[in-house]
Amino acid sequence: MKTVTVYLVRHGQTWFNKFNKMQGWSDSPLTESGLADGRRAGEALKHITFTHAYSSDTMRASNTAELVLANNFNTHVTLTTTPLFREQFYGYYEGEDSAKAWYAVGAPHGARTFKDLIAQFGVDATKDFMHEADPFHDAEDALTYWTRLQKGFKMLRDENQNGDNVLLVTHGTTIRSIIDKFGKDDGFVVTDSPRNGSISKIALTDEGVKVLSYNQLAVM
């Protein structure tokens, strides 16, 4: 059975992160702290021989990926950007204050914060709740989101061989969604968001996804 090891890195801190704003398909530059996040992840991963490197097509993810690769011993790997591993699309709530947005989404369900929503209903339900609360209904629901992500996983399976190590720089809710969906039965808890520049690791096989680690600042 083919197994591809995927190192999931959350992009470095951005200005929207610093100001606690919703940042899905919208984008903002890395802060100085965010640049340091990318360099730190690169230092932690420098001994991993990546056969391929991917990031979402957002500036914050691709810039972080370039920082990681700049420190890697394998200087021949090139970066592929793809919309398939973008963050969840928040629709009407893009750019909104995060606490305010999640209160609006969660209050009708008896939850005041994103953390409360996850604890009570799970990560996928928050996508459906946001889609419902969006007055334009443009925010991705769980089905739309996972249809996109599964196309991304298919691409990784098709483009890599058994035993390959792959870098994938993506986003907080995307990493949290992957860990929640495929790692919950193994005891991985996602009530805390992955830190900027943190490393999570999954094994991608022909049969599915196995979570190996979550939200580390060093390779586990």
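Because the structure is predicted, anything quoted here is derived from the model rather than measured.
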Sequence neighbours left out, what passes ring-ring contact (aromatic ring centres under 6.0 Å, His included) with Phe50? Give chain and number order.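 Residues passing ring-ring contact (aromatic ring centres under 6.0 Å, His included) with Phe50: Tyr7.
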Considering only heavy atoms from C-beta outward, does the side chain of [X] approach that of [Y] to under 4.5 Å?
{"X": "Lys181", "Y": "Val123", "result": "no"}
{"X": "Asn71", "Y": "Arg39", "result": "no"}
{"X": "Leu167", "Y": "Tyr54", "result": "no"}
{"X": "Val166", "Y": "Thr51", "result": "yes"}
{"X": "Met155", "Y": "Thr82", "result": "yes"}
{"X": "Trp102", "Y": "Met22", "result": "yes"}
{"X": "Val105", "Y": "Tyr90", "result": "no"}
{"X": "Phe114", "Y": "Arg176", "result": "yes"}

Kindly compute the distance separating [atom1] ([X]) from [atom2] ([Y]), expressed to the nearest 0.5 Å.
{"X": "Ser55", "Y": "His11", "atom1": "OG", "atom2": "NE2", "answer": "11.0 Å"}
{"X": "Asn162", "Y": "Thr5", "atom1": "CG", "atom2": "OG1", "answer": "9.0 Å"}
{"X": "Ile199", "Y": "Leu217", "atom1": "CD1", "atom2": "CG", "answer": "7.5 Å"}
{"X": "Asp124", "Y": "Asp141", "atom1": "CG", "atom2": "CG", "answer": "10.0 Å"}
{"X": "Ile118", "Y": "Thr126", "atom1": "CD1", "atom2": "OG1", "answer": "6.0 Å"}
{"X": "Leu149", "Y": "Leu84", "atom1": "CG", "atom2": "CG", "answer": "8.5 Å"}

Least distance between heavy atoms, [X] atom then [Y] atom:
{"X": "Gln120", "Y": "His109", "answer": "OE1-O, 4.2 Å"}
{"X": "Tyr93", "Y": "Ala101", "answer": "CD2-CB, 3.8 Å"}
{"X": "Ser26", "Y": "Glu94", "answer": "OG-OE1, 2.6 Å"}
{"X": "His171", "Y": "Ser56", "answer": "NE2-OG, 2.7 Å"}
{"X": "Asp128", "Y": "Ala142", "answer": "OD1-N, 3.0 Å"}

For Arg10 and Thr174: C-alpha separation, side-chain torsions, deciding distance, then whether side-chain contact (heavy atoms from CB on, under 4.5 Å) applies. CA-CA 9 Å; Arg10 187 186 176 194; Thr174 291; over 6 Å; no
Show your reasoning for whether side chain to side chain donor-acceptor pair (under 3.5 Å) applies to Gln23 and Thr14. CA-CA 9 Å; Gln23 186 176 216; Thr14 68; 2.8 Å; yes
When hydrophobic residues are tied together by side-chain contacts of less than 4.5 Å, even through go-betweens, does [X] share a cluster with [Y]?
{"X": "Val6", "Y": "Phe188", "answer": "yes"}
{"X": "Leu79", "Y": "Leu30", "answer": "no"}
{"X": "Val169", "Y": "Ile202", "answer": "no"}
{"X": "Ile179", "Y": "Val4", "answer": "yes"}
{"X": "Leu168", "Y": "Tyr214", "answer": "yes"}

Any donor-acceptor N/O pair, [X] side chain to [Y] backbone, under 3.5 Å:
{"X": "His131", "Y": "Glu140", "answer": "no"}
{"X": "Thr170", "Y": "Phe85", "answer": "yes"}
{"X": "Asp134", "Y": "Ala139", "answer": "yes"}
{"X": "Asp97", "Y": "Lys21", "answer": "no"}
{"X": "Gln88", "Y": "Gly24", "answer": "no"}
{"X": "Asp186", "Y": "Gly183", "answer": "no"}
{"X": "Thr64", "Y": "Gly12", "answer": "yes"}

State which residue, out of Val211, Thr191, Val190, Val189, fulfils the side chain to side chain contact (heavy atoms under 4.5 Å, CB included) condition with Asp180.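 Answer after filtering Val211, Thr191, Val190, Val189: Val190.
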Going by side chain to side chain contact (heavy atoms under 4.5 Å, CB included), Ser200 matches just one of Ile175, Ile178, Leu212. Which one?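 The single option meeting the side chain to side chain contact (heavy atoms under 4.5 Å, CB included) with Ser200 is Ile175.
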Under a 3.5 Å cutoff, is there a donor and acceptor pairing between the side chains of [X] and [Y]?
{"X": "Asn196", "Y": "Asn17", "value": "yes"}
{"X": "Lys127", "Y": "Ser177", "value": "yes"}
{"X": "Thr31", "Y": "Ser33", "value": "no"}

Does [X] [atom1] have over 12 foreign heavy atoms under 6.0 Å away?
{"X": "Phe182", "atom1": "CZ", "answer": "yes"}
{"X": "Asp158", "atom1": "CG", "answer": "yes"}
{"X": "Phe136", "atom1": "CZ", "answer": "no"}
{"X": "Trp146", "atom1": "CH2", "answer": "yes"}
{"X": "Lys2", "atom1": "NZ", "answer": "yes"}
{"X": "Tyr103", "atom1": "OH", "answer": "no"}

Please walk me through it: do Thr173 and Tyr145 pass side chain to side chain donor-acceptor pair (under 3.5 Å)? CA-CA 11 Å; Thr173 297; Tyr145 175 85; over 6 Å; no
What do the steps show when you test Asp37 against Arg195 for salt bridge (charged side-chain N to carboxylate O under 4.0 Å, His left out), and what is the final call? CA-CA 9 Å; Asp37 292 332; Arg195 292 164 287 184; over 6 Å; no
Could you walk me through whether Leu35 and Glu32 satisfy the side-chain contact (heavy atoms from CB on, under 4.5 Å) test, starting with their C-alpha distance in whole Å, then the side-chain angles of each, then the deciding distance to 0.1 Å, before giving a yes or no? CA-CA 5 Å; Leu35 295 171; Glu32 285 299 319; 3.8 Å; yes
By the salt bridge (charged side-chain N to carboxylate O under 4.0 Å, His left out) test, which pairs, at least two apart or in different chains, include something from residues 45-62? Asp27-Arg60, Glu43-Lys46, Asp57-Arg86
Intermediate values then yes/no, side-chain contact (heavy atoms from CB on, under 4.5 Å), Asp138 and Phe89: CA-CA 8 Å; Asp138 285 331; Phe89 182 47; 4.0 Å; yes
Begin with the C-alpha distance, continue with both residues' side-chain angles, and end with the deciding distance and a verdict on side-chain contact (heavy atoms from CB on, under 4.5 Å) for Lys210 and Thr205. CA-CA 8 Å; Lys210 180 174 177 57; Thr205 71; over 6 Å; no
